[in-house]
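Letters go in sequence order (proteins before strands), and every chain restarts at 1. Worth knowing before you read on, the calculation uses all heavy atoms, side chains too, and leaves out hydrogens, waters and symmetry mates. Nothing here was measured: the structure is a model prediction, and the numbers come from that model.
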Number of protein chains: 2
Amino acid sequence: MSSTQMLKGILEGCLLAIMKEGEVYGYELAEKLNRYGFESLSEGTIYPLLIRMQKEKLVLTTLRKSTAGPNRKYYSLSEKGEKELNLFIERWNRLSVNVNQIVKNKGGV
Amino acid sequence: MSSTQMLKGILEGCLLAIMKEGEVYGYELAEKLNRYGFESLSEGTIYPLLIRMQKEKLVLTTLRKSTAGPNRKYYSLSEKGEKELNLFIERWNRLSVNVNQIVKNKGGV
DNA sequence: TCATTTGCCTTGCATTGCAAGATAGGTTTA
DNA sequence: TAAACCTATCTTGCAATGCAAGGCAAATGA
């Protein structure tokens with residue numbers, strides 16, 4: 001099992017959390033996630049996810065000119081996205097409590 | 001995104017951790033996980049995973065008679081499984097640190 | 001004998017993340 | 001002006017994970 005397999009489903013919540021503080025564009029998201037410790041997160045992972053989130057209306061987008069390179073597509077949270085973020089945080093907290101119990105006990109119940 | 005989507009890849013580590021303390025059989029694992037807070041974890045999830053872990057030689061199995069019902073298949077950690085468990089714990093700790101940073105900041109960097 | 005409980009397993013599916021590469025605009029250097 | 005190199009977005013095709021739905025089998029009790 002690779003490290004990235006553990007990400008499944010968690011990445012969306014992380015993107016929502018980062019957008020919570022303000023607009024970001026895809027390339028920037030990839031850089032921030034790397035700085036947060038998610039190494040080897042490729043654009044082939046992030047862009048399709050952003051597109052899906054746009055279809056689900058969790059995010060709003062606007063195109064802006066870049067200082068260097070092609071236009072940037074900025075993402076920000078919709079109202080629906082804010083609600084989804086709150087749900088994610090609840091789920092994440094429950095999950096980490098459960099896993100920590102198991103890992104720290106190393107078994108039993 | 002459903003709650004269970006966040007599990008992807010984490011379940012294997014939890015199974016290894018539970019087996020660390022001693023032999024368990026599949027049905028019992030499902031019950032323990034439920035008590036740990038993983039509700040709605042079905043046998044359609046657990047049994048195929050156990051079979052895969054057996055193929056990968058992470059676990060050893062022995063059949064025993066049940067007090068009520070068909071034979072039980074008991075699982076325990078192999079040496080390889082113990083190593084895998086340690087790797088999982090490292091990865092889990094890194095992941096939860098990263099996600100907590102993002103969720104608690106709610107963005108920035 | 002028939003329902004219930006315990007216990008294992010299979011099939012087929014949707015979703016997620018990734019590798020690899022295509023496409024484009026801008027700057028720098030030769 | 002051409003070559004090289006960043007920045008930036010997107011697509012295709014794949015493997016892995018978890019789940020719903022269901023079947024099979026052994027023991028117990030009504």
Side-chain angles (χ1 to χ4, degrees), chain A residues 1-16 23-34 38-56 58-59 61-75 84 88 91 95 98-99, chain B residues 1-16 23-34 38-56 58-59 61-75 84 88 91 95 98-99:
Chain A
M1 181 178 60
S2 76
S3 171
T4 53
Q5 290 296 338
M6 300 210 308
L7 280 179
K8 302 240 176 191
I10 292 180
L11 204 47
E12 182 186 298
C14 291
L15 295 190
L16 290 171
E23 284 189 330
V24 276
Y25 56 99
Y27 201 79
E28 197 184 359
L29 273 171
E31 288 178 334
K32 290 201 178 189
L33 285 168
N34 269 280
F38 292 109
E39 294 156 38
S40 79
L41 251 184
S42 84
E43 295 154 17
T45 298
I46 290 175
Y47 285 113
L49 177 53
L50 287 171
I51 289 166
R52 204 197 73 216
M53 289 164 74
Q54 188 179 2
K55 276 184 196 152
E56 289 172 359
L58 299 173
V59 296
T61 64
T62 46
L63 278 177
R64 301 254 175 78
K65 293 217 169 173
S66 167
T67 54
N71 288 344
R72 292 171 177 166
K73 196 168 174 184
Y74 281 86
Y75 293 85
E84 187 64 25
F88 166 73
R91 282 197 303 266
L95 176 68
N98 293 343
V99 176
Chain B
M1 181 178 60
S2 75
S3 170
T4 54
Q5 290 296 337
M6 300 209 309
L7 280 179
K8 302 240 176 192
I10 292 180
L11 204 48
E12 182 185 298
C14 291
L15 295 190
L16 291 171
E23 284 189 330
V24 276
Y25 54 99
Y27 200 79
E28 196 186 357
L29 273 170
E31 288 178 334
K32 289 200 179 191
L33 286 168
N34 268 281
F38 292 110
E39 294 155 38
S40 80
L41 252 182
S42 85
E43 296 158 17
T45 299
I46 291 176
Y47 285 113
L49 177 52
L50 286 171
I51 289 166
R52 203 196 73 216
M53 290 166 75
Q54 189 180 1
K55 277 183 197 152
E56 290 171 359
L58 299 173
V59 296
T61 64
T62 47
L63 278 177
R64 300 254 177 78
K65 293 218 166 171
S66 166
T67 54
N71 287 344
R72 292 172 177 164
K73 196 168 174 185
Y74 281 86
Y75 293 86
E84 187 63 26
F88 166 73
R91 282 197 303 267
L95 176 68
N98 293 344
V99 176

Which of the following nucleotides, C:dT10, D:dC19, C:dA24, is nearest to the side chain of B:T45? D:dC19

Between C:dC18, D:dT7, C:dG17, which nucleotide has the shortest distance from any of its atoms to the side chain of A:L49?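 Looking only at side-chain atoms, A:L49 lies closest to C:dG17.
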
Checking salt bridge (Lys or Arg N to Asp or Glu O under 4.0 Å) for the pair A:E23/A:R64: CA distance, chi angles, key distance, verdict? CA-CA 11 Å; A:E23 284 189 330; A:R64 301 254 175 78; 3.0 Å; yes

Starting at CG of B:L41 and ending at C1' of D:dC19, how long is that distance when rounded to a whole Å? 10 Å

Whole-Å distance separating the OH atom of B:Y47 from the P atom of D:dG23: 18 Å

Rounded to the Å, how far apart are A:Y75 OH and D:dC10 P? 5 Å

Provide, to the nearest angstrom, the distance between the CD atom belonging to B:E43 and the P atom belonging to D:dC24. 16 Å

Could you state the CE-C1' distance from B:M53 to D:dA16, rounded to the nearest angstrom? 15 Å

Whole-Å distance separating the CG atom of B:L63 from the P atom of C:dC8: 9 Å

Value rounded to 0.5 Å, distance of CG in A:L11 from CG in A:L33: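 Atom-to-atom, A:L11:CG and A:L33:CG are 6.0 Å apart.
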
The side chain of A:S42 is closest to which nucleotide in this list: D:dC10, C:dA19, C:dC9?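 In terms of side-chain proximity for A:S42, the closest of D:dC10, C:dA19, C:dC9 is C:dA19.
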
Heavy atoms, side chains only, cut-off 4.5 Å: are B:E84 and B:E12 in contact? yes

How would you label the contact of B:G44 with the nucleic acid (heavy atoms, under 4.0 Å): base, sugar-phosphate, or nothing?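 Here B:G44 touches the bases of the nucleic acid.
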
Side chain of A:R52 only, please: which of D:dC19, D:dC10, C:dT16 is the nearest?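 Among the listed nucleotides, the one closest to the side chain of A:R52 is C:dT16.
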
Report the distance from atom CZ of A:R64 to atom P of D:dA8, rounded to the nearest whole Å.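 The answer, rounded to whole Å, is 14 Å.
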
Pick the closest DNA chain C nucleotide for A:S66 and for B:R72 by heavy atoms, then say which residue is nearer the 5' end.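 In this pair, the answer is B:R72.
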
Taking OP1 and OP2 of C:dC9, is either one under 4.0 Å from a side-chain nitrogen or oxygen of B:K73?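 Looking at the OP1 and OP2 atoms of C:dC9, one of them is under 4.0 Å from a side-chain N or O of B:K73.
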
Identify which nucleotide among D:dG18, C:dC8, D:dC10 has an atom closest to any side-chain atom of B:Y27, counting heavy atoms from C-beta outward. C:dC8

Gap between atom CE of B:M53 and atom CD1 of B:I51 - 0.5 Å precision: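 Answer for the CD1-CE pair, B:I51 versus B:M53, is 12.0 Å.
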
Regarding A:I46, tell me which of base, sugar-phosphate or nothing describes its non-hydrogen contacts under 4.0 Å with the strands shown.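 No contact.
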
Of the nucleotides C:dC8, C:dT6, D:dA8, which one has an atom closest to the side chain of B:Y25? C:dC8

Separation of atom CD1 in A:I51 from atom P in C:dT15, rounded to whole Å: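 Taking CD1 of A:I51 and P of C:dT15, I get 16 Å after rounding.
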
A:L29 versus A:L15: any side-chain heavy-atom pair under 4.5 Å? yes

